[in-house]
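One structure is given here, and the rest of the page talks about it.
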Amino acid sequence: MGEIHPDRESYEIIWEKVISKELDNYQTLYVNCIEFIPNVKEEIWEKYVSLNTYCKKNYMKSAEGKIDRHKVAACYMIAVAMLRPMRFVKKIDNKDVPLAINETLAITVGLSLVRAFAIAAIRENKNITKEDADVLVAKFEDGIKVPEGPLVNHGVYLDNYANEIYFAASEGRISILSLAHELYLLEVITRIS
């Protein structure tokens, strides 16, 4: 195999392009109201590695190989949800404190990864023409599609999803496989839309 997985170099890219940018966005939105846990970058990496290893040892035929893109994204999401890297340290004037701010970050990270991985898989697929690949990639242009309007029984889908992750993580009942399955279905919805 020769490659090391999980891959720290890939994490550096994920940190710079997704996680760090989102954390900066939250600090801008909640000026002087939130702080990050100490050593947040390393804490997320270590938790992700632990979850990735757990997934390989418990769910894969071989603990030496790679896990699929949906499980990778799920491991990152769970790492963020379990660590809860953002803490409110001051009351927010005229704003409700969101219950699931860290879980919303986790969803952003997960959906960003699924989108990037899906586009890469489409581009690398030698069994389709460039034109067909371009059509498929275009479906991901605006990100991963989620149910809206009448397809959501109540509330907003992403808010409901964040709350689900919050409660599952709080209760110690968050599942890599279940989350990966949800991410897979959201990718399918995006592909067929």
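Please read these numbers as outputs of a predicted model, since none were measured by experiment. The residues of the chain are indexed from 1 along the displayed sequence.
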Given side chains that start at C-beta, do those of Ile165 and Leu179 come closer than 4.5 Å, heavy atoms only?
-> yes

Is the backbone of His154 close enough, under 3.5 Å, to the side chain of Asn160 for a donor and an acceptor to pair up by distance?
-> yes

Could you tell me whether a side-chain N or O of Lys56 sits under 3.5 Å from a main-chain N or O of Gly65, the two making a donor and an acceptor?
-> yes

Near Glu9 CD, under 6.0 Å, is it more than 12 heavy atoms from other residues, nucleotides or ligands?
-> no

Tyr184 OH: over 12 foreign heavy atoms closer than 6.0 Å | no

Would you indicate whether Phe36, at its atom CZ, is surrounded by more than 12 heavy atoms from other residues, nucleotides or ligands within a distance under 6.0 Å?
-> yes

Glu187 side chain near Phe140 side chain, heavy-atom distance below 4.5 Å = yes

May I ask you to test the Ile128-Leu136 pair for a side-chain heavy-atom distance under 4.5 Å?
-> yes

Thinking salt bridges, do Asp134 and Lys139 make one under a 4.0 Å N-O criterion?
-> no

Per the ring pair (Phe, Tyr, Trp, His ring centres under 6.0 Å) rule, which among Tyr48, Trp15, Trp45 passes with Tyr76?
-> Tyr48

Residues Lys21, Asp24: salt bridge by 4.0 Å N-O rule | no

Do Tyr161 and Val188 belong together in a cluster built from hydrophobic side chains that touch within less than 4.5 Å?
-> no

Any ion pair linking Lys47 and Glu43 (charged N to carboxylate O, less than 4.0 Å)?
-> no

Can you hop from Leu186 to Leu177 via hydrophobic side chains spaced under 4.5 Å?
-> yes

Rounded distance [0.5 Å steps], CD1 in Ile189 versus NZ in Lys145 = 10.5 Å

State, with a plain yes or no, whether a side-chain heavy atom of Leu183 is found less than 4.5 Å away from one of Ile144.
-> no

Crowding at CE, Met82 (>12 non-hydrogen neighbours, <6.0 Å) | no

If only atom types and distance count, is the side chain of Ser50 paired as donor or acceptor with the main-chain N or O of Glu46 below 3.5 Å?
-> no

Between Leu105 and Leu23, is any pair of side-chain heavy atoms under 4.5 Å apart?
-> yes

Answer yes or no: does atom CG of Asn39 have more than 12 heavy-atom neighbours from other residues, nucleotides or ligands under 6.0 Å?
-> yes

For Glu148, does the CD atom sit with more than 12 other heavy atoms under 6.0 Å from it, leaving out its own atoms?
-> no

Scanning both residues in full, the closest heavy-atom pair of Ala79 with Ile44 reads CB-O, 4.0 Å

